[in-house]
Novice: 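My questions all concern the structure below.
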Amino acid sequence: MFEKYFSKNAQQMQGSEIREFFKLTEKPEVISFAGGFPNKACLPTKEVEEISSRLLVEAEEGMLQYSPTEGQEMLRKYIVKFMAKKGIDIEVDNVLITSGSQQGLDLVSKIFVDPGDKILTEAPSYVGGLGAIRNYQGDIISIAVDDDGIKVDILEQKLKDLASKGKTPKFIYLIADFNNPTGLTISKKRRKRLVELAEKYGVLILEDDPYSKLRYNGIDEPAIKSFDKEGHVIYLGSFSKIFIPGVRIGWVVAHKEIIQKLILAKQSTDLCTNSFGQRLIATCGEEGIIDKQIEKLQEFYRKKRDKTLESLAKHFPIEASWTEPDGGFYTWVELPSNLNSKEILVKAIDNNVAFVTGSAFYVDDQGNNAFRLSFSQPDIDKIEEGIYRLSKTIKRELVKKNEIQKHIG
Ligand SMILES: Cc1ncc(COP(=O)(O)O)c(C=O)c1O
């Protein structure tokens, strides 16, 4: 009814199949590997309650008032220290506080993407990142990945091809640590190379990093941003997965000129980020509560990751393969190409188990035989049962498809 009123830009916006589908997975009897939500058993409710009431009793005006668009000074200073521990040396003016990193993805797309601009991404990639770029009509070019993350040789070839046609992509969107959806991590060698390529071809990098602190084994990789000397890398951080998502606090680290433009873009979006949440996060950060929570989460999710991988090895058919993430929330499962994860999902839901289909993480017709399992949400004692249910559905589909193939053959 209102279609004719919508702007051309709004008319081309598309819903994501994953967001629509979450409603189905919320039935209590479903063991859901679908949502990338922090586990509710691990939310720091007591700490948040104590600090919030203390700050309110102290009648901090800053808690309930508007605050500067760029973010409260106390939180920006905490972010400077947080980033220094990651080997990233910045000043307060390099930081913009956002309503979650999702707003960072939107604002960066808003200030850089004109309709038809080329944006390079890993394939598969985070559905919310792809959505933000597409909402501004960016033309996404997908680059394949292997166990070491984005294939930099293919990326360079693409950059060369585009340069030969006089085209420079605006940015390369990357989730370097425990990628959503694959769980893969980009190797140090490739991170360095990515910055070299960005400098050589004059393209920016958007490094989206909500998960790097959730490492369960191995050693931390340096952020891509830590190799950046010329300001080519824009870094997005978030407290959603490492502390709480409900207050919607994330941040952008970038060259001051970029931050200034982002502030202008943010002013017309929400004027400022949640003041209450900023003060709460800054206080929890300064008092060491966030660091403690991260340690707790590492222990908590490590066990879930291990249980998931163990159960996959025990129950899944040999025709399936999956990634073994060193951190984060996700493993990516691939099935033989004649299997379709959307068809499997319908049957899996009947069997009270859920995941997200692979095609949601691509902009072209890929990922139909793949899916993402998130191990963050199901209780640890439900994980094996969930994987077992799923394996039964997959095995049944395999038999069915193989019989059809025999008939055709
Ligand atoms: C890779 C990635 N980027 C950004 C986000 C958005 O997070 P936030 O809650 O900070 O907006 C998510 C959430 O799942 C994510 O996985």
Side-chain angles (χ1 to χ4, degrees), residues 16 18-19 21-22 25 32-40 43 71 75 79 82 95-110 119 121-135 140 145 149-150 171-186 205-215 223-225 234-253 262 266 269-270 273-274 277-278 280-281 285 290 294 297 301 323 325 327-332 355-356 360-362 372-377:
S16 131
I18 118 168
R19 307 257 183 255
F21 162 79
F22 276 139
T25 70
S32 179
F33 295 92
F37 293 18
N39 190 285
K40 63 178 184 307
L43 292 174
L75 183 56
I79 299 292
F82 191 95
V95 180
L96 166 69
I97 305 299
T98 54
S99 297
S101 52
Q102 189 62 47
Q103 189 183 43
L105 290 166
D106 180 64
L107 294 178
V108 167
S109 302
K110 194 172 181 174
I119 309 294
T121 72
E122 295 152 296
S125 186
Y126 170 54
V127 62
L130 299 175
I133 297 163
R134 287 209 288 198
N135 271 0
I140 295 174
V145 301
I150 189 164
F171 58 83
I172 310 167
Y173 171 55
L174 299 165
I175 304 150
D177 296 271
F178 323 129
N179 176 290
N180 179 3
T182 62
L184 295 169
T185 292
I186 302 178
I205 289 177
L206 178 57
E207 179 179 19
D208 184 10
D209 178 22
Y211 300 104
S212 66
K213 289 273 178 189
L214 298 178
R215 175 174 276 281
I224 300 175
K225 179 77 186 152
I234 302 165
Y235 175 98
L236 303 182
S238 171
F239 291 103
S240 290
K241 315 290 178 176
I242 60 172
F243 199 57
I244 40 175
V247 285
R248 311 301 301 127
I249 304 289
W251 68 95
V252 185
V253 170
L262 289 170
K266 185 173 161 68
T269 303
D270 61 359
T273 298
N274 176 351
Q278 290 192 61
L280 173 71
I281 294 281
I290 293 182
I294 291 170
L297 293 178
Y301 290 126
T323 56
F329 286 179
Y330 313 105
T331 176
W332 178 252
F355 56 79
V356 179
F361 303 96
Y362 287 93
R372 184 191 80 177
L373 288 179
S374 167
F375 47 81
S376 65
Q377 262 190 310

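Note that the numbering runs from 1 along the sequence shown for the chain. Whatever order the structure lists ligands and atoms in, that order sets their numbers, starting from 1.
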Novice: Measuring from atom 2 (C) of ligand 1, which candidate in Ile244, Asp208, Leu105 has the nearest non-hydrogen atom?
Specialist: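 Result: the heavy atom closest to atom 2 (C) of ligand 1 is in Asp208.
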Novice: Side chains of Gln377 and Lys40: any donor to acceptor distance under 3.5 Å?
Specialist: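 Result is no, nothing qualifies.
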Novice: I need the atoms of ligand 1 closer than 4.0 Å to a non-hydrogen atom of Ser240, numbered in the order shown.
Specialist: 8 (P), 9 (O), 10 (O)
Novice: Anything under 30° is parallel, anything over 60° is perpendicular, the rest tilted; go ahead and classify Phe239 against Phe82.
Specialist: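 The arrangement is perpendicular - the two ring planes meet at more than 60°.
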Novice: Of all heavy-atom pairs between Pro325 and Gly183, which one has the smallest distance, and what is that distance?
Specialist: CB-O, 3.5 Å
Novice: Assess Pro245 for proximity to ligand 1: is some non-hydrogen atom of it under 4.0 Å away?
Specialist: no
Novice: By number and element, which atoms of ligand 1 are closer than 4.0 Å to a non-hydrogen atom of Arg248?
Specialist: 8 (P), 9 (O), 11 (O)
Novice: Check for me whether Gln103 has a heavy atom closer than 4.0 Å to any atom of ligand 1.
Specialist: no
Novice: Any nitrogen or oxygen of Ser99, main chain or side chain, under 3.5 Å from a nitrogen or oxygen of ligand 1?
Specialist: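 By distance alone, the answer is no.
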Novice: Got an N/O contact under 3.5 Å between Tyr173 and ligand 1?
Specialist: no
Novice: Quick one: look up the protein heavy atom nearest atom 14 (O) of ligand 1 and list residue, atom name and how far away it is.
Specialist: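 For atom 14 (O) of ligand 1, the nearest protein heavy atom is Lys241 NZ, 2.8 Å.
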Novice: Assess, by modelled atom type and distance only, whether the side chains of Lys110 and Thr269 contain a donor and an acceptor separated by less than 3.5 Å.
Specialist: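 There is such a pair between these side chains.
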Novice: Among Phe329, Trp251, Tyr211, which one has a heavy atom closest to atom 16 (O) of ligand 1?
Specialist: Tyr211
Novice: Enumerate the atoms of ligand 1 whose separation from the nearest heavy atom of Ser238 is less than 4.0 angstrom.
Specialist: 8 (P), 10 (O)
Novice: Closest non-hydrogen protein atom to atom 4 (C) of ligand 1, residue and atom name please, with distance?
Specialist: Ser101 OG, 3.3 Å
Novice: I'd like to know if the side chain of Ser99 pairs up with that of Asn274 as donor and acceptor (distance under 3.5 Å, no hydrogens or angles considered).
Specialist: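 The answer is no; no qualifying pair exists.
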Novice: Just going by heavy-atom distances, which of Phe37, Tyr126, Phe178 is nearest to atom 12 (C) of ligand 1?
Specialist: Tyr126
Novice: State, without any angle test, whether Asp106 and Ser109 hold a side-chain donor-acceptor pair at a distance under 3.5 Å.
Specialist: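 Their side chains do not contain a donor-acceptor pair, so the 3.5 Å distance test is not met.
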Novice: Counting the benzene-type ring for Trp, do Tyr173 and Tyr126 have ring centres under 6.0 Å apart?
Specialist: no
Novice: For the ring pair Phe329 and Phe178, is the centre-to-centre distance below 6.0 Å?
Specialist: no
